[in-house]
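Here the structure is a predicted model, which means the values were calculated and not measured.
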Amino acid sequence: MPTCLMFTAPTGTIFEPLTLGGPQCSCQHCGALFWYDERVRRERHTQNPTYNLCCKGGKVSLQPYDPPPQPLLDLLTSQNSSLSSHFFHHIRQYNTMFAMTSMGAKIDESINDGRGPYIFKISGQVCHRVGSMRPSRGQRPEYAQLYIFDTECEVSNRINVASSSRTGSSSRTTSSSRIASSTHTLFQANEGIVQSLITMLNTHNPIVKLFRTASQRLHGNDSDHLYIRIYGKPDAHGDIYSAPVASEVVGLVVGDLGSSNVG
């Protein structure tokens with residue numbers, strides 16, 4: 001536990017910057033970090049300050065997150081410093097590489113008249129677009145299609161997606177990819193990281209397992225007509241902005257259980 005340092009009010013004018021350093025104190029119940037001046041009863045100077053902005057003095061107890069599966073855990077905890085450094089530096093490209101959906105929104109470009117920095121403005125509601133299970137003829141697979149189509153070349157297909165996003169060669173590149181590509185202009189994907197993340201998602205992600213089921217059904221059977229639908233409860237928490245938990249999301253490969261495509 002870090003030593004709690006007490007600071008006194010600095011002297012000088014109001015125009016001088018006030019530097020308090022990093023938070024050096026912690027809650028004795030949950031370990032949340034605080035600055036000394038965030039303590040309860042600030043009028044009292046003490047070596048053992050108490051805080052209630054986190055767990056209300058121990059009244060609120062949250063279960064810790066389960067550690068992420070391998071190899072993500074090692075990448076995030078720098079077990080291999082060179083690989084972790086590469087992964088952190090290009091984490092947005094790797095995230096784009098494994099995205100299952102694209103962003104759907106009406107983007108307002110009228111505000112960008114060339115007289116200032118680019119502004120990303122959305123008009124209306126944002127949604128997630130799944131698209132078709134197979135790419136159109138002559139088009140490269142992307143998003144969910146990468147989990148279903150041409151999986152024998154999945155590593156190279158995903159790396160090609162990241163390369164296309166970086167160069168802007170595809171007219172269908174999403175705004176999120178453009179933002180990511182503008183942040184890092186040079187990106188050489190590590191094939192070992194890509195393959196290990198594919199294996200991790202195949203093992204632990206239920207939605208990816210659903211996509212793999214569709215891939216197996218479509219392999220060698222072009223006459224099979226399947227659709228993927230994701231159902232959720234947008235008001236399960238009384239708030240459409242809350243992320244649904246696993247039990248509130250259902251994925252169906254429609255056509256697998258009968259001729260009707262009604263879920």
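Atom NZ in Lys121 sits 10.5 Å away from atom NZ in Lys106 (nearest 0.5 Å). With values rounded to the nearest 0.5 angstrom, Ile159 atom CD1 is found 11.5 Å from Cys153 atom SG. Distance check: Cys54 SG to Leu33 CG gives 10.0 Å after rounding to the nearest 0.5 Å. Distance check, rounded to the nearest 0.5 Å: CD1 of Ile107 to CD1 of Ile119 gives 14.0 Å. Taking CG from Leu83 and CD1 from Ile193, the interatomic distance works out to 5.0 Å, rounded to the nearest 0.5 Å. Between the CD1 atom of Ile91 and the CG atom of Asn95 there is a distance of 7.5 Å, given to the nearest 0.5 Å.
A distance-only check finds a donor-acceptor pair linking the side chain of Gln145 to the backbone of Glu142 [under 3.5 Å]. Checked by atom type and distance alone, the side chain of Gln195 never pairs as donor or acceptor with a backbone atom of Gly192 at under 3.5 Å. The main-chain N or O of Thr199 is found under 3.5 Å from a side-chain atom of Thr203 such that the two form a donor-acceptor pair. Put simply, the side chain of Ser84 gets close to the backbone of Leu75: a donor and an acceptor are under 3.5 Å apart.
Residues Ser110 and Asn112 are not in side-chain contact: their nearest non-hydrogen atoms beyond the backbone lie 4.5 Å or more apart. At least one side-chain heavy atom of Met97 sits less than 4.5 Å from a side-chain heavy atom of Val194. At least one side-chain heavy atom of Phe87 sits under 4.5 Å from a side-chain heavy atom of Leu76. For the pair Met133/Ile148, a side-chain contact is recorded, criterion being any heavy-atom separation below 4.5 Å from C-beta on. Looking at Arg158 and Val161, their side chains never come closer than 4.5 Å, going by heavy atoms from C-beta outward. Annotation: side chain of Ser26 is not in contact with side chain of Phe34 (no heavy-atom distance under 4.5 Å). Tyr51 has its side chain out of reach of Lys56: every pair of non-hydrogen atoms, C-beta onward, lies at least 4.5 Å apart. Side-chain contact between Phe149 and Arg140 is absent, with no heavy atoms from C-beta onward closer than 4.5 Å.
When the shell of 6.0 Å around CG of Asp113 is examined, it contains more than 12 heavy atoms from other residues, nucleotides or ligands.
When the ring-ring contact (aromatic ring centres under 6.0 Å, His included) test is applied to His29, no partner is found at least two apart in sequence or on another chain. Listed by chain and number, the residues in a salt bridge (Lys or Arg N to Asp or Glu O under 4.0 Å) with Asp150 amount to none (sequence neighbours excluded). Every side chain to side chain contact (heavy atoms under 4.5 Å, CB included) that Pro71 has, sequence neighbours left out, goes to Ser196, Leu197, Met200. Under the rule for a side chain to side chain contact (heavy atoms under 4.5 Å, CB included), the partners of Asn52 that lie at least two apart in sequence or sit in another chain are Val40. Qualifying salt bridge (Lys or Arg N to Asp or Glu O under 4.0 Å) partners for Arg212, counting only residues two or more places apart in sequence or in other chains: Glu154.
Tyr36 carries Arg39 over the face of its six-membered ring, with the cationic atom under 6.0 Å from the centre and within 45° of the normal.
For the 3.5 Å distance criterion, the side chains of Thr50 and Gln28 fail to qualify, holding no donor opposite an acceptor. Side-chain contact check for Thr46 and Asn48: no donor-acceptor pair (N or O, by modelled atom type) lies under 3.5 Å. Tyr143 and His128 are not linked by any side-chain donor-acceptor pair at a separation below 3.5 angstrom, with hydrogens and angles left out of the test.
For His86 and Tyr94, the distance between ring centers is under 6.0 angstrom.
The aromatic rings of Phe211 and Tyr147 sit tilted relative to each other, their planes meeting at an angle between 30° and 60°. In this pair, His90 and Phe187 present their aromatic rings tilted. The plane angle is within the 30 to 60° band.
Sorted by first and then second residue, the pairs that involve residues 61-71 and meet side chain to side chain donor-acceptor pair (under 3.5 Å), not counting sequence neighbours, are Gln70-Asp74.
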